[in-house]
Asker: 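Shown below is the structure under consideration.
Note that this is a predicted model, so its numbers are computed, not measured.
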Amino acid sequence: QVQLVESGGGLVQAGGSLRLSCAASGRWFSINDMGWYRQAPGNERELLATITRGGSTNYADSVKGRFTISRDNAKNMVYLQMNSLKPEDTAVYYCHAMIAPAYDTSSLRNYWGQGTQVTVSS
């Protein structure tokens with residue numbers, strides 16, 4: 001059983017910064033790719049950034065140059081540093097991971113955090 005828990009959301013002024021954290025707990029064989037998504041009311045869930053176990057990253061155009069994803073494999077954590085925040089960044093942010101369970105090491109499964117609210121005021 002694996003759990004992902006986000007933290008670090010809150011209210012910030014436009015132009016400000018915020019860092020989100022996501023911690024994995026439980027039992028697994030390996031954690032593969034991890035990522036961050038967001039969803040605003042009435043919108044589809046949007047993929048923002050991904051990071052491989054080895055540290056290779058990809059970013060959505062909407063956050064390139066402003067957001068940075070990173071991970072600490074020893075701590076089983078992934079982070080999202082958000083700078084130069086805009087009102088349009090307001091959304092619920094979700095942590096995601098592809099995890100191979102201990103009982104079936106060749107099968108990757110999707111795991112999601114519960115979400116954390118980020119509100120950017122103008």
Side-chain angles (χ1 to χ4, degrees):
Q1 194 172 348
V2 180
Q3 299 84 40
L4 300 177
V5 179
E6 303 100 333
S7 62
L11 176 64
V12 65
Q13 285 191 323
S17 297
L18 214 55
R19 189 172 88 142
L20 306 182
S21 299
C22 174
S25 63
R27 189 171 181 270
W28 60 83
F29 177 74
S30 65
I31 301 177
N32 201 12
D33 292 358
M34 303 185 80
W36 288 93
Y37 291 70
R38 69 184 178 193
Q39 188 167 23
N43 283 210
E44 199 171 61
R45 189 167 294 189
E46 177 189 13
L47 175 60
L48 302 177
T50 60
I51 184 166
T52 68
R53 184 173 177 82
S56 296
T57 59
N58 280 292
Y59 296 93
D61 289 341
S62 59
V63 304
K64 279 181 181 175
R66 300 189 299 123
F67 291 10
T68 302
I69 188 171
S70 61
R71 66 191 287 171
D72 187 333
N73 293 333
K75 295 180 178 180
N76 301 315
M77 296 191 71
V78 63
Y79 308 93
L80 187 68
Q81 178 66 47
M82 305 185 294
N83 299 325
S84 302
L85 283 163
K86 306 172 181 179
E88 50 262 46
D89 293 320
T90 296
V92 177
Y93 284 69
Y94 297 91
C95 175
H96 172 262
M98 295 297 296
I99 297 176
Y103 60 87
D104 187 1
T105 61
S106 66
S107 180
L108 289 174
R109 300 181 183 276
N110 290 285
Y111 288 86
W112 295 90
Q114 81 288 347
T116 185
Q117 177 70 46
V118 171
T119 302
V120 184
S121 65
S122 57

Asker: Check whether any side-chain heavy atom of Val120 lies under 4.5 Å from a side-chain heavy atom of Val118, and answer yes or no.
Answerer: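 Result yes, sub-4.5 Å side-chain heavy-atom pair found.
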Asker: Given side chains that start at C-beta, do those of His96 and Asn110 come closer than 4.5 Å, heavy atoms only?
Answerer: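 Of all side-chain heavy-atom pairs linking Asn110 with His96, at least one is under 4.5 Å.
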Asker: Between Leu80 and Ala49, what is the shortest heavy-atom contact and its length?
Answerer: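 Distance-wise, the nearest heavy atoms are CD1-CB, 4.5 Å.
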Asker: Backbone N or O of Pro87 within a donor-acceptor pair of the Thr90 side chain at under 3.5 Å?
Answerer: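 Yes, the answer is positive, given that a donor and an acceptor are paired below the 3.5 Å cut-off.
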Asker: Could you go through the salt bridge (charged side-chain N to carboxylate O under 4.0 Å, His left out) check for Asp89 and Lys86 one step at a time?
Answerer: CA-CA 5 Å; Asp89 293 320; Lys86 306 172 181 179; over 6 Å; no
Asker: Of Leu48, Val63, Val78, which is the lone residue that meets side chain to side chain contact (heavy atoms under 4.5 Å, CB included) with Ile69?
Answerer: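 Going through the options one by one, the only one that passes is Val78.
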Asker: Looking just at side-chain N and O atoms, do Tyr37 and Arg45 make a donor-acceptor pair shorter than 3.5 Å?
Answerer: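 Absent: no donor and acceptor within the cut-off.
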Asker: Hey, are the side chains of Leu18 and Leu85 touching, using non-hydrogen atoms and a 4.5 Å cut-off?
Answerer: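 The answer is yes; the side chains approach within 4.5 Å.
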Asker: Are the side chains of Ser62 and Glu46 in touch, meaning some heavy atoms are under 4.5 Å apart?
Answerer: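 Heavy-atom side-chain distance check passes, below 4.5 Å.
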Asker: Just by modelled atom types, is the Ser84 backbone N or O under 3.5 Å from a matching donor or acceptor in the Arg66 side chain?
Answerer: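 Checked: pair present.
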Asker: Under 4.5 Å between side-chain heavy atoms, hopping through other hydrophobics if needed: is there a path connecting Trp112 to Val92?
Answerer: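 Linked, Trp112 and Val92 end up in one cluster.
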Asker: Between Asn76 and Ile31, is any pair of side-chain heavy atoms under 4.5 Å apart?
Answerer: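 Side-chain contact under 4.5 Å: yes.
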Asker: Can you find a side-chain donor-acceptor pair between Asp72 and Ser70 that sits under 3.5 Å?
Answerer: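 Side chains of Asp72 and Ser70: no pair found under 3.5 Å.
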Asker: Under a 3.5 Å threshold, yes or no: a donor from one side chain and an acceptor from the other, between Gln13 and Ser122?
Answerer: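 No, because no side-chain N or O of Gln13 sits under 3.5 Å from a partner of the opposite role on Ser122.
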Asker: Within this structure, what is the OG1-CG distance for the pair Thr52 and Asn32, rounded to the nearest 0.5 Å?
Answerer: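 If we round to the nearest 0.5 Å, Thr52:OG1 and Asn32:CG are 8.0 Å apart.
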Asker: When hydrophobic residues are tied together by side-chain contacts of less than 4.5 Å, even through go-betweens, does Tyr59 share a cluster with Trp36?
Answerer: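 Shared cluster, yes.
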Asker: Please find the pair of heavy atoms, one from Ala24 and one from Leu4, that lie closest to each other, and give the distance.
Answerer: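 Taking every non-hydrogen atom into account, CB-CD2, 3.6 Å.
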Asker: Mind listing the closest non-hydrogen atom pair of Gly16 and Val12 along with its distance?
Answerer: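 Smallest interatomic distance, heavy atoms only, reads CA-CG2, 3.9 Å.
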Asker: Side chains of Met98 and Met34, heavy atoms from C-beta outward: is any pair under 4.5 Å?
Answerer: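 No, every pair of side-chain atoms sits at 4.5 Å or beyond.
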Asker: Looking at Thr119 and Leu11, would you say the former's side chain and the latter's main chain have a donor-acceptor pair under 3.5 Å?
Answerer: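 No; judged by distance alone, with no hydrogens or angles, the pair does not exist.
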Asker: Taking all non-hydrogen atoms of both residues into account, name the closest pair between Arg38 and Ala91 and its distance.
Answerer: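 Reported closest heavy-atom pair: CB-CB, 3.9 Å.
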Asker: Can you tell me how far OG of Ser7 sits from CG of Leu20, rounded to the nearest 0.5 angstrom?
Answerer: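 One finds 8.0 Å between CG of Leu20 and OG of Ser7.
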Asker: Tell me the closest heavy-atom pair linking Asn73 and Arg53, and the distance in Å.
Answerer: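 Closest approach of Asn73 to Arg53, heavy atoms only: ND2-O, 3.1 Å.
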Asker: Within the 3.5 Å criterion, strictly below it, is a donor on Ser17 or Asn83 matched to an acceptor on the partner's side chain?
Answerer: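 Distance-only check passes for Ser17 and Asn83.
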Asker: How about Glu6 and Gln114: does a side-chain donor come under 3.5 Å of a side-chain acceptor?
Answerer: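 Side chains of Glu6 and Gln114: pair found under 3.5 Å.
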Asker: Any non-hydrogen side-chain atom of Cys95 less than 4.5 Å from a side-chain atom of Tyr111?
Answerer: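 They are not in side-chain contact.
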Asker: Would you name the heavy atoms of Tyr94 and Gly113 that are closest together and state the gap between them?
Answerer: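 Where Tyr94 meets Gly113 most closely, the heavy atoms are CD2-O, 3.7 Å.
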Asker: Would you give the length of the straight line joining atom CD1 of Ile99 to atom OG of Ser107, rounded to the nearest 0.5 angstrom?
Answerer: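 Reported to 0.5 Å precision, the distance equals 12.0 Å.
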Asker: Do Ser25 and Gln3 have side-chain atoms, one donor and one acceptor, less than 3.5 Å apart?
Answerer: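 There is such a pair between these side chains.
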Asker: Which of parallel (below 30°), tilted (30 to 60°) and perpendicular (above 60°) describes Tyr93 and Phe67?
Answerer: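 If you compare the ring of Tyr93 with that of Phe67, the planes turn out tilted.
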Asker: Go through Thr50 and Asp33 one step at a time and tell me if the side chain to side chain contact (heavy atoms under 4.5 Å, CB included) criterion holds.
Answerer: CA-CA 7 Å; Thr50 60; Asp33 292 358; 5.5 Å; no
Asker: Report yes or no: is the cationic atom of Arg19 (NZ for Lys, CZ for Arg) under 6.0 Å from the centre of the six-membered ring of Tyr79, at an angle within 45° of the ring normal?
Answerer: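 That pair qualifies as a cation-pi contact.
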